[in-house]
Number of protein chains: 2
Amino acid sequence: MAALDEIDRHILRELRRNGRISILDLADRVGLSPTPCGRRVKRLEDDGVIRGYAATLDNARLGLNISVFIMVRLSGHGPEGTRDFLSAVAARPEITECFLVAGNVDYMLRVWVGDLEELGDFVRDVLQSIPAVTETSTMVVLKEEPQPEVLPF
Amino acid sequence: MAALDEIDRHILRELRRNGRISILDLADRVGLSPTPCGRRVKRLEDDGVIRGYAATLDNARLGLNISVFIMVRLSGHGPEGTRDFLSAVAARPEITECFLVAGNVDYMLRVWVGDLEELGDFVRDVLQSIPAVTETSTMVVLKEEPQPEVLPF
DNA sequence: GTTGAAACTTATTAAAC
DNA sequence: GTTTAATAAGTTTCAAC
């Protein structure tokens, strides 16, 4: 896999911003003609740098007004406890992200709910009823500050 | 904005999975003919349920092997302190997400770096040199557990 | 909701430079 | 790398059911 040059990074930034831009418009923005621009996009896709394309949704318009980060600590149930925890997580659609982390806790979850009552129900009836879960700490997202750069470079 | 039915949700799930699927294929998957399927997609876009489309990248292939969550506590610098913090955050491309949260801390950041040395430099030279930042707590992501459902419903 | 057809845009490929 | 041309595919709009 060849190293990326500035034009490749420019292409990636544009495709992050608009995943459905036409090759003609993309070529125009990055200062190439359509043919090599299309070749570069295809190479980025084939190399796996671009994993795919996805619609970006407005969760609030779907009735999911509240998102939270929940830090979860597990203990005392060995490998099966972790396995059961991950099974329970995978079965819950309101959990959109699940990370194993190193730090003060074991897992970090991103969860979407309609209101605070649903959040309370989720924490009590779903999370804390998983045997291996010994401690949860919930951070309610009050605001997402938009980052101007859509790519970390 | 009319309420979404099951077909609309099916369309959203498919577009989350593949934001570049053709209307013909999408219609086939959701059990509609192309004309009404295209109308629904357009309505979801116009209503703002679909905010846009974006390429999904493999950050590791871009040399960003490490992602972390960093919880930040601010204090003692009033509104200007917060403003300066947010300006500093907005200027750093390695910070891809920034959330104001309610909980044990004030802000939650998602940060991407190439290696642990860069992480250390970032925490010390960038984050902790911001006057209002009084405390940071870093969680290194060891693994992202994929959630089978791509939508929280 | 369905089908079908025409007009338009875009993507892809090849051939030239 | 660029341009041009031809083919193929997808989108959009319209009419009719």
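Proteins come first, then strands; the chains are lettered A, B, ... in the order of their sequence lines, and each starts at number 1.
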Subject >> Whole-Å gap separating C1' (C:dT12) and CZ (A:Arg40) >> reply: 18 Å

Taking distance alone, no hydrogens or angles, what donor-acceptor pairs closer than 3.5 Å link side-chain atoms of residues 42-53 of chain A to residues at least two apart or in another chain?
unit_1: A:Lys42; atom_1: NZ; unit_2: A:Asp46; atom_2: OD2; d: 3.1
unit_1: A:Arg43; atom_1: NH2; unit_2: A:Asp8; atom_2: OD1; d: 3.3
unit_1: A:Arg43; atom_1: NH2; unit_2: A:Asp8; atom_2: OD2; d: 3.2
unit_1: A:Glu45; atom_1: OE2; unit_2: A:Tyr53; atom_2: OH; d: 2.6
unit_1: A:Tyr53; atom_1: OH; unit_2: B:Arg20; atom_2: NH1; d: 3.3

**OP:** Please list, chain by chain and in numerical order, all residues satisfying side-chain hydrogen bond (donor to acceptor under 3.5 Å, both in side chains) with B:Glu94, sequence neighbours excluded.
**Re:** B:Arg92

Hey, what are the protein-to-nucleotides 13-17 of chain D N/O distances that come in under 3.5 Å?
none

Original post:
Tell me, which pairs form a salt bridge (Lys or Arg N to Asp or Glu O under 4.0 Å) where one or both residues lie in residues 72-90 of chain A, sequence neighbours left out?
Top reply: A:Arg73-A:Glu135

Subject >> Atom-to-atom span, CZ of A:Arg39 to P of D:dG1 - whole angstrom >> reply: 7 Å

Between the protein and nucleotides 9-11 of chain C, are there any N/O to N/O pairs under 3.5 Å, and if so, what are the atom names and distances?
unit_1: C:dA11; atom_1: OP1; unit_2: A:Ile23; atom_2: N; d: 3.3
unit_1: C:dA11; atom_1: OP2; unit_2: A:Ile23; atom_2: N; d: 3.0

Atom pairs and distances, side-chain donor-acceptor, residues 95-107 of chain B, under 3.5 Å, sequence neighbours left out:
unit_1: B:Thr96; atom_1: OG1; unit_2: B:Arg110; atom_2: O; d: 3.4
unit_1: B:Thr96; atom_1: OG1; unit_2: B:Trp112; atom_2: NE1; d: 3.4
unit_1: B:Asn104; atom_1: ND2; unit_2: A:Ser137; atom_2: OG; d: 3.2
unit_1: B:Asp106; atom_1: OD2; unit_2: B:Leu74; atom_2: N; d: 2.7

Subject >> Interatomic distance, A:Asp46 CG vs C:dT12 P [rounded to whole Å] >> reply: 11 Å

**OP:** With sequence neighbours excluded, tell me which residues meet side-chain contact (heavy atoms from CB on, under 4.5 Å) with A:Glu117.
**Re:** A:Asp115, A:Asp121

**OP:** Could you pull out all residues at least two apart from B:Thr136 that satisfy side-chain contact (heavy atoms from CB on, under 4.5 Å)?
**Re:** B:Ile70, B:Val72, B:Val123, B:Leu127, B:Gln128, B:Val133

Original post:
Are the charged groups of A:Glu6 and A:Arg13 less than 4.0 angstrom apart, N to O?
Top reply: yes

Subject >> A:Leu24: hydrophobic cluster co-members (side-chain, 4.5 Å) >> reply: none

Subject >> Interatomic distance, B:Tyr53 OH vs D:dT11 C1' [rounded to whole Å] >> reply: 13 Å

